[in-house]
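Worksheet: one structure, shown below.
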Amino acid sequence: MLPIFYGTRLMAAFSKAGRRLSMHYISHSVIIILFSFTTLAQTTPAAQPAVQVFHTSDRCLACHNGLVDTSGTDISIGTNWQSSMMAHSAHDPYWQAGVRREIMDHAEARGAIEDKCSSCHMPMARFMAKTAGQEGRVFKHLPIAPALTKKDILAAEGVSCTMCHQITEEKLGTEESFTAGFVVDTQTPLGQRSVFGPFDVDAGRTRVMLSSAQFVPTMKTHIQDSAFCATCHTLYTHALGPDGEVVGELPEQVPYLEWKHSAYKESRNCQSCHMPVLTKSAAISSVLGLPREGFSQHIFRGGNFFMPKIFNQNRIELGVEALPSDLNRTVNETVAHLQTKTARLAIQQANITEGRLQIDVSVKNLAGHKLPTAYPSRRVWLNLTVRDRDGRTVFTSGKLQQDGSIEGNDNDVDPEQYEPHYTLIENRQQVQIYEAIMINHQDKVTTGLLSAVGYIKDNRLLPEGFDKKTAHEDIAVRGAAAEDENFNDKGDLVSYSIAISESRSPYSIVVMLWYQPIAFRWAKNLAAYKAAETERFVGFFDQMAQESAVILTRDQKTVE
């Protein structure tokens with residue numbers, strides 16, 4: 001029997017040739033019909049864990065879409081999630097290409113690589129495999145298409161509702177919880193098992209949720225703890241030698257540990273920025289919802305504006321279901337956040353002395369972790385341009401090229417080199433780039449995660465309160481920035497000294513701070529791997545290279 005109850009919306013639109021339910025709202029109806037999970041989920045019982053652990057998002061979107069705030073803005077949990085990187089974690093063509101590259105580099109470790117790489121990008125499918133005593137798989141579930149098995153459907157949904165909201169408070173904040181070490185109850189059967197949220201739900205509404213989703217809503221505040229996010233966003237990888245032996249360990253991304261070493265740990269958690277709370281009360285359900293204070297928006301605002309653009313341009317090939325308008329909104333909101341909340345830039349002083357233009361530029365990180373943080377493909381850099389009274393360019397450093405590279409950056413020219421940290425820049429071949437550069441066990445620069453044993457350079461901008469002298473080695477400043485007295489938790493100060501002719505004054509100075517989530521070298525290094533996934537992503541990057549970076553902030557000054 002299909003459970004039927006009264007509400008405020010009608011949902012009844014099938015997608016993918018009617019084989020999977022997609023929930024869409026029609027505003028004037030008064031009945032909700034909640035469909036049970038599609039027959040595609042009813043696969044061979046022997047292949048399933050003893051207890052069904054997850055449902056797909058359609059069970060949740062039934063009640064958690066169609067939400068608006070007091071100004072009429074759509075704050076639907078489902079709509080916001082559907083256009084996020086969380087929902088598209090398995091669709092990500094850069095991740096798919098990266099996994100393929102690692103397998104080609106370390107073929108003997110394929111099973112372990114797919115298992116680890118699926119633990120956060122396909123967590124539900126991988127968790128089910130793990131519960132059944134198997135390893136997670138990546139390419140078994142790709143390409144994403146009309147799913148044939150329940151695991152395919154769960155894999156395609158990436159980081160979904162019943163994944164996050166079933167994580168218990170057990171082990172959170174400990175090393176054991178990192179690298180997808182989250183704990184989910186697998187013993188309590190559906191109909192009795194809890195899903196956690198920050199609000200208390202009364203008995204009547206609990207019965208509604210049980211009827212539609214088969215979970216018991218349970219108030220637990222750990223879901224708002226930074227340690228909750230750390231389970232996947234604190235990730236360690238093991239470097240492998242030529243015979244598959246482990247030769248080292250890399251803190252691949254550790255924003256939680258960076259945050260813990262900053263002043264922000266006393267005042268703000270991860271969710272306060274990435275799931276901002278509404279300033280006014282709002283209902284979290286379109287069915288019998290009560291106004292709630294502290295509604296956390298499920299926009300998962302992060303640093304990746306580039307991938308949603310790729311999703312929109314290649315919707316069919318990547319199996320994207322989010323509406324184009326929703327993905328565009330995600331791009332615009334991500335860029336707006338980056339441009340208003342991440343950094344501050346200023347020309348501290350500029351003067352002409354003995355035929356040289358002397359400029360001091362300060363840049364400060366406003367985030368609660370390093371800037372940039374997380375996956376080491378990300379970089380931020382200074383682009384300074386000086387023009388004379390006729391508008392002619394007399395100097396530039398850090399110009400973004402049409403192919404997505406940075407003029408003068410050694411690493412973009414030669415994959416075995418990298419640009420050092422500077423205190424003084426005197427020519428256009430020198431660029432201040434804030435980035436993490438990895439090396440392998442032979443001390444060679446690499447972009448292979450499972451080849452990397454550490455960082456030879458890490459001058460990513462530090463958050464307020466971050467003491468680089470006491471930082472643990474996993475979050476340490478590396479390279480020349482470690483000894484730079486003007487590089488600290490207050491920001492970085494970079495000096496420029498440029499030969500000029502005073503007769504061509506006044507000079508206009510413009511300095512910009514750029515950000516690129518997938519650096520040119522990280523994309524281009526995939527070109528050497530002849531596989532469908534790697535070649536596809538390099539093609540995507542080449543087609544959209546000019547859209548791969550944005551300006552975070554800027555300043556300008558005129559000098560007579």
Side-chain angles (χ1 to χ4, degrees), residues 57 59-89 123 157-169 172-173 182 194-202 205-206 209 213 215 217-233 255-256 259 264-304 322 326 329-330 333-334 336-338 340-342 367-369 374:
S57 60
R59 292 294 189 97
C60 307
L61 305 194
C63 294
H64 295 290
N65 260 352
L67 307 176
V68 294
D69 64 13
T70 53
S71 67
T73 302
D74 189 344
I75 56 170
S76 297
I77 292 172
T79 301
N80 286 332
W81 167 81
Q82 281 179 315
S83 60
S84 73
M85 287 302 300
M86 304 287 271
H88 290 96
S89 60
E157 285 223 346
V159 186
S160 190
C161 317
T162 62
M163 177 69 258
C164 287
H165 285 274
Q166 285 194 87
I167 294 175
T168 73
E169 57 194 330
L172 291 185
F182 48 76
S194 292
V195 288
F196 305 110
F199 303 116
D200 191 21
V201 180
D202 62 36
R205 290 173 176 80
T206 293
M209 189 161 178
F215 290 104
T218 304
M219 185 176 72
K220 288 283 188 178
T221 58
H222 71 273
I223 202 164
Q224 296 178 313
D225 194 323
S226 293
F228 180 86
C229 305
T231 57
C232 269
H233 293 283
Y256 172 71
W259 168 83
Y264 287 81
K265 73 176 186 293
E266 304 296 340
S267 59
R268 303 193 68 177
N269 60 10
C270 302
Q271 292 88 334
S272 64
C273 284
H274 299 284
M275 299 180 67
V277 172
L278 289 177
T279 57
K280 296 182 180 180
S281 62
I284 64 171
S285 173
S286 59
V287 177
L288 306 176
L290 294 173
R292 303 282 193 176
E293 296 288 342
F295 181 110
S296 293
Q297 300 175 81
H298 285 53
I299 57 177
F300 305 106
R301 187 168 55 193
N304 201 338
D326 290 338
R329 186 195 69 247
T330 295
E333 290 181 352
T334 300
H337 174 69
L338 289 168
T340 57
K341 303 294 185 181
T342 58
H369 43 62

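Side-chain atoms are counted along with the backbone in the values below, which use heavy atoms only and exclude waters and symmetry mates. Remember, predicted model here, so these are calculated numbers, not experimental data.
- When every heavy atom of Ile284 is checked against every heavy atom of Arg292, the shortest pair comes out as CG2-CG, 4.3 Å.
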Subject >> Pair Phe295-Leu67, side-chain contact (heavy atoms from CB on, under 4.5 Å): steps then yes or no >> reply: CA-CA 11 Å; Phe295 181 110; Leu67 307 176; 4.2 Å; yes
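- Of the possible donor and acceptor atoms, none in the side chain of Trp259 sits under 3.5 Å from a partner among the backbone N and O of Ser226.
- Between the side chain of Thr231 and the backbone N or O of Ala227, no donor-acceptor pair lies under 3.5 Å.
- No donor-acceptor distance shorter than 3.5 angstrom exists from the side chain of Thr73 to the backbone of Asp69, with no hydrogens or angles considered.
- Using a distance-only test at 3.5 Å, with no hydrogens or angles considered, no donor-acceptor pair links the side chain of Ser285 to the main chain of His64.
- Asp200 places no side-chain N or O within 3.5 Å of a backbone atom of Met219 that could act as its donor or acceptor partner.
- Scanning all heavy atoms of the two residues, the minimum distance from Gln166 to Thr162 falls at NE2-O, 2.8 Å.
- Ionic pairing of Arg301 and Glu333 is not present here: no N-O contact between side-chain nitrogen and carboxylate oxygen is shorter than 4.0 angstrom.
- For the atom pair His222 NE2 and Leu172 CG, the distance stands at 6.0 Å (nearest 0.5 Å).
- Side chain of His337 to backbone of Cys273: no donor-acceptor contact under 3.5 angstrom is found.
- Separating the CD atom in Gln224 from the SG atom in Cys229 is a distance of 10.5 Å, to the nearest 0.5 Å.
- Listed here is the closest heavy atom pair of Gly302 and His274: CA-ND1, 4.0 Å.
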Subject >> Criterion side-chain contact (heavy atoms from CB on, under 4.5 Å) on Thr79 and Arg329, from CA distance to verdict >> reply: CA-CA 11 Å; Thr79 301; Arg329 186 195 69 247; 4.2 Å; yes
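- Within a 6.0 Å sphere centred on NZ of Lys220, other residues, nucleotides and ligands contribute 12 heavy atoms or fewer.
- For the residue pair Val277 and Gly294, the shortest heavy atom distance occurs at CG1-CA, 3.4 Å.
- A donor-acceptor contact shorter than 3.5 Å is absent between the side chain of Trp81 and the backbone of Ser76.
- Of the possible donor and acceptor atoms, one in the side chain of Gln297 sits under 3.5 Å from a partner among the backbone N and O of Pro276.
- To the nearest 0.5 angstrom, Asn269 atom CG is 11.0 Å from Tyr256 atom OH.
- Between His88 and Gln82, the shortest heavy-atom distance links the atoms CE1-O, 2.9 Å.
- At least one donor-acceptor pair closer than 3.5 Å links the side chain of His165 to the backbone N or O of Phe196.
- Contact detail for Leu278 and Ile75: the closest heavy-atom pair is CD1-CD1, 3.6 Å.
- Considering OG of Ser84 and CG of Asn304, their distance stands at 11.0 Å, rounded to 0.5 Å.
- Between the side chains of Ser296 and Gln271, no donor N or O sits under 3.5 Å from an acceptor N or O.
- Rounded to the nearest 0.5 angstrom, Thr330 OG1 and Ile299 CD1 are separated by 8.5 Å.
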Subject >> Derivation and outcome, side-chain contact (heavy atoms from CB on, under 4.5 Å), residues Cys164 and Phe182 >> reply: CA-CA 9 Å; Cys164 287; Phe182 48 76; over 6 Å; no
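- With values rounded to the nearest 0.5 angstrom, Ile77 atom CD1 is found 8.5 Å from Cys161 atom SG.
- Thr218 places no side-chain N or O within donor-acceptor distance of the main-chain N or O of Ser194, the cut-off being under 3.5 Å.
- Two residues are said to be in side-chain contact when any heavy atoms from C-beta on lie closer than 4.5 Å; Phe300 and Met85 fail this criterion.
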